[in-house]
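Okay, so here's the structure we're looking at.
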Amino acid sequence: MPDGPLDLGLVLGPLRRGPADPTFRTTADGSVWRTCRTPAGPGTLRVRADGGEVLGAAWGPGAEWLLDQLPEWLGAADEPEAFVPRHRVVALSRHRRPGLRLTRTGLVLESLIPSVLEQKVTTEEAYRAWRLLVRGFGEPAPGPAGAGERPMFVMPTPRAWALIPSWEWHRAGVDDKRASTILRSVRVAARLEQATGMPAREAQARLEVVPGVGPWTSAEVVQRSHGAADAVTVGDLHLPGIVGWALAGDRDADDAAMLRLLEPYAGQRHRAARLILLSGQVPARRVPKMPRVDIGLL
């Protein structure tokens, strides 16, 4: 397990897609539950920090794989000590969150599909689509998480994604462009999963070969699959303004300005951006929130 402080919520939180994500749950005892479709099959993982110990348990065909991967999930491959804050807001945010590490899941598709669903829509719409599709076409989680009033689910297999009828995409609020990108991705799922053995930049290049997967989406994936400390998200609606505001008082910063401001953190730009987001230094909203469009009603 990683040396030093560890905050399970901060480390594994990026894997959660909304408060009702059927693949992720936290419980009152501090445990984090996560379902995955591993190379060995579906699995459920439960992780709990108990004093200075981290306890893990797993169920299903993917249980052994999940337990073997657990140290990297908790940031064992991360090097937070390599990060040197250059701005007060970043330094203060880091000081307040010593348990932040970057997870490395070793899985591509489980981050790629929800990232595609988040393209050009509100997070509420994307979370709803992920929830409906996983519950409708995935399978109950192995072990105790798959039972009870609120069972967890494992996301669909690549074949199951490919067989989702067009009207079910429509009912989930997913337009043809995003659905087509997911369908193209699952057809080459094995090739995409092989990207976990590549450096993050090469993995992004492989992902971006799929039409509909651009730099925004590929960065969102490798941040999770590879624990990529330098994979800063470009093309985001809000991030440039947040970074610009926190580091230079510029709420109108664009991607180019954001990248200039993050230059001192070369090699660690994603970690810097994450710390900025955690700092709470966000400019007040001055434009209407992106309207939700339910295409299922069209």
Side-chain angles (χ1 to χ4, degrees), residues 14-18 21-24 34-43 62 65 69 103-123 125-139 153-228 231 233-236 295:
L15 304 180
R16 185 175 202 162
R17 305 292 181 155
D21 184 347
T23 71
F24 191 105
R34 169 74 171 166
T35 72
C36 286
R37 188 163 296 283
T38 77
W65 188 93
Q69 192 72 16
T103 187
R104 178 189 175 101
T105 65
L107 298 169
V108 169
L109 211 63
E110 68 163 35
S111 291
L112 176 59
I113 291 175
S115 295
V116 171
L117 292 175
E118 291 171 7
Q119 293 175 351
K120 307 294 185 182
V121 297
T122 66
T123 53
E125 290 172 273
Y127 292 162
R128 174 181 177 272
W130 172 248
R131 182 172 69 250
L132 292 177
L133 293 169
V134 170
R135 286 178 177 170
F137 300 95
E139 62 191 89
F153 288 81
V154 181
M155 79 167 195
T157 63
R159 177 171 172 76
W161 283 111
L163 294 177
I164 295 176
S166 59
W167 60 86
E168 293 291 353
W169 292 103
H170 191 79
R171 188 173 295 168
V174 182
D175 57 79
D176 289 345
K177 182 176 181 181
R178 287 179 293 150
S180 296
T181 298
I182 291 171
L183 294 176
R184 285 190 289 265
S185 298
V186 298
R187 290 188 190 111
V188 292
R191 291 279 293 163
L192 296 182
E193 294 294 355
Q194 290 171 2
T196 57
M198 302 176 175
R201 288 187 179 179
E202 293 180 21
Q204 284 190 256
R206 174 167 290 194
L207 288 166
E208 290 172 25
V209 169
V210 179
V213 176
W216 183 92
T217 305
S218 68
E220 290 288 310
V221 174
V222 299
Q223 288 165 8
R224 297 164 172 84
S225 62
H226 288 66
T233 304
V234 295
D236 191 81
I295 69 167

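From a predicted model like this one, the values you see are computed outputs, not experimental measurements.
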Where do [X] and [Y] come nearest, in terms of heavy atoms and distance?
{"X": "Ala219", "Y": "Ala231", "value": "CB-O, 4.0 Å"}
{"X": "Gly106", "Y": "Thr196", "value": "O-CG2, 3.3 Å"}
{"X": "Val222", "Y": "Ala203", "value": "CG1-CB, 4.1 Å"}
{"X": "Ser218", "Y": "Pro215", "value": "OG-O, 3.2 Å"}
{"X": "Leu109", "Y": "Ser185", "value": "CD1-O, 4.4 Å"}
{"X": "Leu192", "Y": "Val210", "value": "CD2-CG2, 4.2 Å"}

Quick one: pull up [atom1] in [X] and [atom2] in [Y] and give me the separation to the nearest 0.5 Å.
{"X": "Leu107", "Y": "His226", "atom1": "CG", "atom2": "NE2", "answer": "11.0 Å"}
{"X": "Ile182", "Y": "Arg187", "atom1": "CD1", "atom2": "CZ", "answer": "12.0 Å"}
{"X": "Tyr127", "Y": "Thr122", "atom1": "OH", "atom2": "OG1", "answer": "10.0 Å"}
{"X": "Thr38", "Y": "Glu110", "atom1": "OG1", "atom2": "CD", "answer": "10.0 Å"}
{"X": "Thr233", "Y": "Gln223", "atom1": "OG1", "atom2": "CD", "answer": "4.0 Å"}
{"X": "Phe137", "Y": "Leu132", "atom1": "CZ", "atom2": "CG", "answer": "9.5 Å"}

Once salt bridge (charged side-chain N to carboxylate O under 4.0 Å, His left out) is applied, do any residues pair with Glu208, and if so which ones, sequence neighbours excluded? none

Using salt bridge (charged side-chain N to carboxylate O under 4.0 Å, His left out) as the criterion, list what pairs up with Glu193, not counting sequence neighbours. none

Is the side chain of [X] donor-acceptor paired with the backbone N or O of [Y] at a distance under 3.5 Å, no angle test?
{"X": "Arg206", "Y": "Arg191", "answer": "yes"}
{"X": "Trp169", "Y": "Val174", "answer": "no"}
{"X": "Ser180", "Y": "Lys177", "answer": "no"}
{"X": "Arg135", "Y": "Pro22", "answer": "no"}
{"X": "Arg131", "Y": "Gly18", "answer": "no"}

For side chain to side chain contact (heavy atoms under 4.5 Å, CB included), just list the numbers for Asp21 and Val134, CA-CA rounded to whole Å, side-chain angles, deciding distance to a tenth of an Å, and then say yes or no. CA-CA 9 Å; Asp21 184 347; Val134 170; over 6 Å; no

For Gln119, what residues pass the side-chain contact (heavy atoms from CB on, under 4.5 Å) criterion, not counting sequence neighbours? Val116, Arg178, Trp216, Thr217

Flag the pair [X] and [Y] as a salt bridge only when some basic side-chain nitrogen lies within less than 4.0 angstrom of an acidic carboxylate oxygen.
{"X": "Arg37", "Y": "Glu139", "value": "yes"}
{"X": "Glu125", "Y": "Arg128", "value": "no"}
{"X": "Glu220", "Y": "Arg224", "value": "yes"}

side-chain hydrogen bond (donor to acceptor under 3.5 Å, both in side chains) assessment of Arg104 paired with Ser225: CA-CA 5 Å; Arg104 178 189 175 101; Ser225 62; over 6 Å; no

Less than 4.5 Å apart, any side-chain heavy atom of Ser111 and any of Arg17? yes

Are the side chains of Val186 and Ile113 in contact, using a 4.5 Å heavy-atom criterion? yes

